[in-house]
Every structure is written in structure tokens, then in C-alpha cells.
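A quick write-up on the structure given underneath.
Just so we're on the same page: letters track the sequence lines, and every chain starts at 1.
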Amino acid sequence: MFEARLVNSATFKKILDAIKDLLDQASFDCSESGIQLQAMDNSHVSLVSLNLKSDGFDKYRCDRSLTMGMNLASLSKVFRCSGSDDTVTIKAQDDADTVTFMFESKKQEKISDYEMKLMNLDQEHLGIPETEFSCIIKMPSAEFARIVRDLSQFGESIVISCTKEGVKFSTQGDIGTGNVKLAQTNNFDKEEESVIIDMQEPVSLTFACQYLNLFTKATPLSNQVTLSMCDNVPLVVEYQIPDLGHLCYYLAPKIEE
Amino acid sequence: SSTQGRLDSFFKVL
């Protein structure tokens, strides 16, 4: 028996919004420690890694580990039926081929449930090597989304260059070029507004705008985003989900020919 | 010009 209850179903909806444009389907691996999802997009350029810890749920029970393969467009349809203040309870029997989502309104005057068919997905798990990153940039997630959106108008790629002085986002296209430089802030009072750079070595890598834009769909989950970079290694874009876990995206850099 | 890398070359399939 698997049962997970989240008072704030809107958080799960936000997670879904953050992954459904990258992945058509994905397996949710449920165990005693929580729910995990790891999946690459169809072109094997990016990877989504979601980790929700069991004690972040308001109720969590998982007697036997189970893998639930789901079509994310179908799952989105289910969550479209939930109210923003609803509580969600996710339930599945051991070895079941369906999962049930129950939504309860705040005052419990409305209770709805949706049963969705599970899929058998051929999932391959990837081993992600531990990396000593050259640069780790922590910045407001809304600022990152804004920069990626702005620069995407001009080119297909964004070069992210990080030095001790700050981080520079650059693009070039047919109509010209665009650059955004962010300096490290000293505003320690407001951590969520700070730009904090932890640099071992300067690094400059090129990434596809299309994917960076899809990652910024996670912006509503967290005030801050962390970008971890190292030469010839995929970029890691991490959003912490308060009290529940984290959502990480990995993106292979573009390689100069 | 640049080409898009794939993750398969960085991560091992378990």
C-alpha cells in the first residue's frame, strides 16, 4: 500500500508544470524515503531529477517500493481538476495498475477522486558522477527566468560566463547581441534577493535557450535557483522545494565544432 | 558554430 498526502496540492501542480513540457512520460519511484523521478527528454539533451522526501508530506506510507509510470499530460488533466487550496492524497495498492488522486477542499465540503491508469515504462537510470563544480551561482529564480526569456529573443544559445566579479549571460543572433551582467551582491539581509557566487575557477559554457526556458517553468517553486557549472560537464539548475525536496535539471553544454 | 551535446556521453546508464 502506498499513500501520500500533501495539504498543499498546488505544490504538486507546480512540480508537474515544471516537468511536463520536457517529459511526455516518467516513472515515479516511491519508497520509504520518498518519491523520486529521473528522466531524460526525448533528445537525451536534458535530464530531470526530482526528489521529494517522505517527511515533507503530511502523511506518507509506503509498505513496498513501487514504480508508477505515468503519462504527464494525463496527470496534468487530473491536477487541472484540483482547486488551488485543495489537499491531495495519492494512493496505490501494491502491484496495482492504477493510481488514485483524491482532492479535498479546505472545509471538506467537496471531495473528488480520479483514478488514472499506470504505464509500464522502460526506464533507464543514469549514474550521475559527483562533480567538483568550478562555479556555483545562487540567484533569484525570477531574475534567471527574466534573463533567459529576454536573451532568447535574440539567439538560440546563451553563453554563461562566471568569474569572481560576477556572472555574464550573453547571446548573439541575426539582429545583434545581448549581454546581461550580474554582480555578486552584499545584501545579506535578503537572502532570496542575493546573487552569491562560489568560484574555484572561471568557466564559460554555451547552452540552448529552448531548454533553459523550459527549466524556468520551475520558477514558482522557489525564490532562488542554483546554477552549477564546470568545463565539459552538464549544467545543473536546481530549485529547492521548501520543506519537501528539490527539482534539478541537467543540460549538456553545446560543443564548439 | 556549435553542436548540441547529449547527456549519454556524460552519464552512465546503470
Side-chain angles (χ1 to χ4, degrees), chain A residues 22-23 27 29 36 38-49 122-131 133 155-160 170-174 204-212 214-215 228-237 248-257, chain B:
Chain A
L22 269 168
L23 309 171
S27 287
D29 295 318
Q36 278 161 337
Q38 194 205 63
M40 277 197 279
D41 71 285
N42 283 337
S43 55
H44 287 211
V45 169
S46 70
L47 177 115
V48 175
S49 174
D122 262 340
Q123 52 165 5
E124 50 182 25
H125 269 275
L126 293 174
I128 301 166
E130 286 269 324
T131 305
F133 289 101
E156 285 180 0
S157 310
I158 293 179
V159 181
I160 307 178
S170 317
T171 189
Q172 53 180 342
D174 294 340
S204 181
L205 291 167
T206 306
F207 300 102
C209 291
Q210 182 199 345
Y211 287 93
L212 295 175
L214 290 174
F215 301 168
S228 302
M229 300 203 298
C230 188
D231 252 342
N232 299 313
V233 164
L235 165 76
V236 187
V237 180
C248 283
Y249 301 96
Y250 294 80
L251 178 61
K254 286 195 163 186
I255 305 152
E256 285 303 318
E257 274 179 341
Chain B
S1 73
S2 55
T3 54
Q4 178 61 57
R6 283 166 60 98
L7 287 177
D8 312 63
S9 50
F10 298 102
F11 299 153
K12 255 196 320 228
V13 176
L14 296 178

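For the residue pair A/Leu251 and B/Leu7, the shortest heavy atom distance occurs at C-CD2, 4.3 Å. Shown here for B/Phe10 and A/Asn232, the closest heavy-atom pair between the two residues is CE2-O, 2.9 Å. The heavy-atom pair separating A/Val45 from B/Gly5 by the smallest distance is CG2-O, 3.9 Å.
Remark: B/Asp8 engages B/Arg6 in a salt bridge (Lys or Arg N to Asp or Glu O under 4.0 Å) (not counting sequence neighbours).
From B/Gln4, atom CD reaches atom OG of A/Ser157 across 8.0 Å, with rounding to the nearest 0.5 Å.
Atom CD of A/Gln36 sits in a crowded spot, with more than 12 heavy atoms from other residues, nucleotides or ligands closer than 6.0 Å.
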